[in-house]
Amino acid sequence: CFALILLIASWVITTGVGISAMNGTLLSKCGANGDAQCTGNAQALIAPTDYKGRMCGVDSAVASKPYGYIVSKYADIVCVEECPSESADLDYDSSAWNNLKDYCMTSEVASKYKSSSLTNTDDEWYAYDTLLGTSADGSTYLEGPCMLQLGSVYMGMYCAFNPDSTLPSINLGSAGSIDLSSVSGLPTNETTITSLITGNSKSATSYLADFISDLVVSRNAIFGFGFAVALMVAFLYSYLMTLGLVDCVVWSCILITFALFFGLGGYMYYTYQQWDAANCDGDDDACTGKGVAHSDTEINGMMYTSYVFFGLAALWAAFIICICSKIRLACAFVKVAGTAVRDMPIVLFFPVVQILGLVLFLVPWMYYMAYVHSQGAFLCENSCVGQSYCNGLKDGKTYDCVQASGNFLECIDEKCDGRMMPTNTTKYTWEWADASLGSDQDLASTWMMFSYFWTTQFIVAMGQLVMAMTFVLWYFSGFDEDQQEKVAIETAKAEGETIEPKKEHGCCYKMICGDGIDRGNGLFFKGLHLVLYHVGTAAAGSLVIAIIQTIRYIVTKIQAQCNKSLTGTAKTIANIVLCCIQCCLYCLEKCMKFINKHAYIITAVKSKGFCTAACESFWLIVRNIRLIAALTMVQEFSIIVGKFLIVMATGALSYMFMQSVADENGKTVADKTNSLIGPTLFVMILAYFMADMFLNTYSMAMDVMMHCYVSDKEANSPMWAVNDKASHLKPLADVIGKNAPKEDEKEKENPAAEG
């Protein structure tokens with residue numbers, strides 16, 4: 001409960017930080033002298049920066065020009081009032097500068113090209129090649145300070161060139177004293193940007209239109225196969241795994257892995273012999289002198305590499321022999337887990353609830369984060385009539401300087417109370433607040449990231465707890481009050497007494513509250529109810545992961561700062577040290593996530609708190625290290641093969657359906673589309689996400705079955721899994737037998753022994 005209270009308090013603090021960032025009270029002062037009031041300006045985060053470093057639509061010089069237009073291949077930007085919707089035809093009665101000046105880096109253009117006294121007899125009048133930075137020999141292309149006006153589309157605050165916009169023709173022939181027709185880099189006819197890139201006359205819009213048209217026409221097949229059929233294929237995969245496919249998959253992968261190691265070792269050893277035979281530097285009688293000669297270092301390197309792969313093959317074989325019995329047990333867990341998932345399919349859709357919860361958190365968090373990272377102030381950059389006058393605060397209005405009775409006054413209103421007309425307008429620029437390490441903004445940003453890490457890990461932990469509780473109830477279903485009541489009724493009958501059986505619950509009750517005997521979706525709702533008593537456990541476990549992730553975030557920022565401020569040997573040493581720290585933290589995070597997941601399962605099995613469950617989880621892993629290793633290997637093989645099969649099978653089925661099945665008019669989807677490639681790829685993408693969601697739940701079920709087995713073995717004699725009433729655990733009973741194996745009996749007598 002204490003961890004949950006802390007989590008709720010962190011959300012309150014996060015809200016407070018976000019609101020203070022929005023209303024300008026997060027930081028004390030901004031500006032070089034610290035005399036300006038800070039405020040948040042989210043527009044400054046997305047505003048393009050022009051070639052002078054001014055933010056379009058923010059700084060006073062370009063306040064009326066919020067969009068960025070690219071003017072060179074180096075992505076130099078100028079600010080414009082709006083993006084041109086179409087390309088402009090050139091006015092040959094005007095100079096090159098007058099045709100291009102709206103999209104030029106003005107200060108980078110020599111004054112001779114901007115002179116108002118130019119005539120069509122001057123070379124500068126036709127200086128398109130110079131202004132565009134395109135040479136006749138093609139050595140330079142679009143490297144100048146200007147750009148043609150090309151049709152564009154709005155992409156955020158940037159003008160993105162429309163691929164179908166035409167390039168204005170610049171082919172003036174012999175004009176003045178130059179011949180622009182010889183400049184090969186300049187456009188000579190109205191071609192589109194797409195045609196220049198692809199060499200095809202078909203436009204990009206046509207390609208896009210065809211692609212979108214194919215998706216629209218085949219939308220029913222895409223969503224039907226991408227979601228429904230993919231899920232059915234996933235269930236079929238789990239059913240086949242239960243029937244015995246898991247044994248084929250696992251042992252095939254084991255043999256393939258061994259063959260890969262041994263084959264690479266054999267190939268490299270053969271290559272070593274070939275190289276050694278071609279090396280005639282010594283007195284080796286086996287030297288043939290044929291082939292490319294290699295140095296002794298290369299030959300020895302190939303030989304030792306082959307030995308390494310032979311060694312890996314031997315180690316792999318020894319490892320498999322060592323855990324062979326545990327692999328069979330792990331395969332049984334996979335079979336039982338598949339049955340559990342099929343009995344309670346509703347559990348597959350709980351990740352959707354997690355996604356909704358994450359979105360609910362991210363919407364305000366991202367809004368707050370934008371203001372936290374956009375702290376700063378508008379600072380004046382000029383003096384009024386030679387006097388230092390600005391105070392560094394704009395407040396969203398333009399300061400006008402007026403002179404009254406010899407004193408310089410600051411006017412915010414346009415009329416300045418009617419006293420005097422303004423003589424000068426203040427120029428201002430946006431100044432970012434100090435965001436260096438240890439600054440107030442840096443601390444606020446770090447807190448926001450900590451809140452993000454904790455909340456996202458809490459959502460993950462709740463999902464693991466819900467699934468763990470659901471699968472635990474499924475494993476021990478039949479071991480409940482209803483089963484005990486039936487046993488009591490039979491006993492009473494044997495003694496000549498009569499006990500009225502408990503009234504059967506209705507379907508609605510079973511669906512909402514669950515029923516131990518009914519191994520259906522009702523167990524999910526029952527597990528969901530029980531998890532409410534362990535929310536604090538999820539909060540505590542997620543806090544541990546969040547702290548580690550926050551430390552990694554801080555180390556990353558320190559690493560970025562070192563790369564900026566350090567040089568030479570000091571930079572190299574700092575990067576090596578920080579990279580080692582990052583690697584250690586990464587490993588620690590992975591280990592803690594692994595321990596946390598098993599701790600949540602123990603919480604579901606034994607109703608223990610987080611700390612106790614985490615300790616038990618650690619020692620359970622130590623005691624059953626061989627079983628954990630076998631299950632992890634089987635899980636990975638099952639998931640990798642499962643994703644591949646589900647995606648490929650769904651894609652193949654959708655393609656065959658769209659190619660073969662006709663509608664009432666006798667037309668297939670293939671007849672109504674330009675190509676089935678796009679729709680099939682979309683189906684496979686959706687199928688991948690469905691496969692990932694299904695197999696993550698499947699993997700969690702495998703872990704839970706393993707914990708239930710260990711708990712069952714330690715607490716019950718004989719085990720519940722071998723009970724005749726536990727028909728749902730038959731694959732597991734077939735492996736462990738009616739009587740516990742001698743190995744299991746020894747482990748039961750000595751729980752500290754390695755599993």
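Computed from heavy atoms alone, side chains included, the values below leave out hydrogens, waters and symmetry copies.
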Side chains of [X] and [Y]: closer than 4.5 Å at any heavy-atom pair?
X      : Y      : result
Met147 : Ser72  : no
Leu686 : Ile222 : yes
Leu695 : Tyr698 : yes
Phe350 : Gln354 : yes
Leu437 : Ile558 : yes
Leu465 : Ile601 : no
Gln457 : Lys593 : yes
Phe471 : Thr697 : yes

Under a 3.5 Å distance rule, please check whether [X] uses its side chain to pair with a backbone N or O of [Y] as donor and acceptor.
X      : Y      : answer
Ser439 : Asp442 : yes
Gln375 : Ala433 : no
Thr455 : Tyr452 : no
Lys526 : Asn521 : no
Ser617 : Ala613 : no
Asp59  : Val62  : no
Ser87  : Leu150 : no
Trp365 : Met448 : yes
Gln441 : Val372 : yes
Asn596 : Gly541 : yes

Distance, nearest 0.5 Å, that separates [atom1] of [X] from [atom2] of [Y]:
X      : Y      : atom1 : atom2 : result
Ile5   : Ser10  : CD1   : OG    : 12.5 Å
Leu588 : Ile547 : CG    : CD1   : 11.0 Å
Met690 : Leu231 : CE    : CG    : 4.5 Å
Gln582 : Arg552 : CD    : CZ    : 5.0 Å
Lys597 : Met592 : NZ    : CE    : 14.0 Å
Leu148 : Asp102 : CG    : CG    : 12.5 Å

Under 30°, 30 to 60°, or over 60°: which ring-plane class applies to [X] and [Y], parallel, tilted or perpendicular?
X      : Y      : result
Tyr103 : Tyr69  : tilted
Phe227 : Phe223 : parallel
Phe610 : Tyr600 : tilted

inquiry  = Could you go through Cys83 and Tyr158, starting from their C-alpha distance and side-chain angles, then the distance that decides it, and tell me whether this counts as side chain to side chain contact (heavy atoms under 4.5 Å, CB included)?
reply    = CA-CA 8 Å; Cys83 300; Tyr158 292 84; over 6 Å; no

task = Could you give me the CA-CA distance, side-chain angles and deciding distance for Cys159 and Val80, then say whether side chain to side chain contact (heavy atoms under 4.5 Å, CB included) is met?
result = CA-CA 9 Å; Cys159 301; Val80 296; 4.0 Å; yes

request  = Output, in order, the C-alpha distance, side-chain angles, deciding distance and verdict of side chain to side chain contact (heavy atoms under 4.5 Å, CB included) for Trp454 and Leu7.
outcome  = CA-CA 8 Å; Trp454 195 358; Leu7 177 60; 3.6 Å; yes

key: Candidate pair Trp11 and Ser451, rule side-chain hydrogen bond (donor to acceptor under 3.5 Å, both in side chains), full reasoning   = CA-CA 7 Å; Trp11 292 338; Ser451 175; 4.9 Å; no

Compute the ring centroids of [X] and [Y], then answer whether they are less than 6.0 Å apart.
X      : Y      : result
Trp447 : Phe450 : yes
Tyr154 : Tyr67  : yes
His598 : Phe594 : yes

Closest contact, heavy atoms only, [X] versus [Y]:
X      : Y      : value
Tyr51  : Thr106 : OH-N, 3.2 Å
Cys562 : Lys571 : O-CG, 4.4 Å
Ile77  : Ile70  : CG1-CG1, 4.2 Å
Ser152 : Phe161 : OG-CD2, 3.7 Å
Phe211 : Gly678 : CE1-CA, 3.8 Å
His373 : Ser445 : NE2-OG, 3.0 Å

ask   = Just wondering, are more than 12 heavy atoms of other shown residues or ligands nearer than 6.0 Å to NZ in Lys65?
value = no

ask   = Residues in salt bridge (Lys or Arg N to Asp or Glu O under 4.0 Å) with Lys590, at least two apart?
value = none

query = Taking only residues two or more places apart in sequence, or in another chain, which ones meet Asp692 in a salt bridge (Lys or Arg N to Asp or Glu O under 4.0 Å)?
reply = Lys643

inquiry  = Apply side chain to side chain contact (heavy atoms under 4.5 Å, CB included) to residues Met449 and Met369 and explain how you reach the verdict.
reply    = CA-CA 9 Å; Met449 290 303 301; Met369 198 65 166; 3.6 Å; yes

task = State, without any angle test, whether Tyr371 and Ser20 hold a side-chain donor-acceptor pair at a distance under 3.5 Å.
result = no

inquiry  = Side chains of Lys557 and Thr446 only: does a donor on one sit below 3.5 Å from an acceptor on the other?
reply    = yes

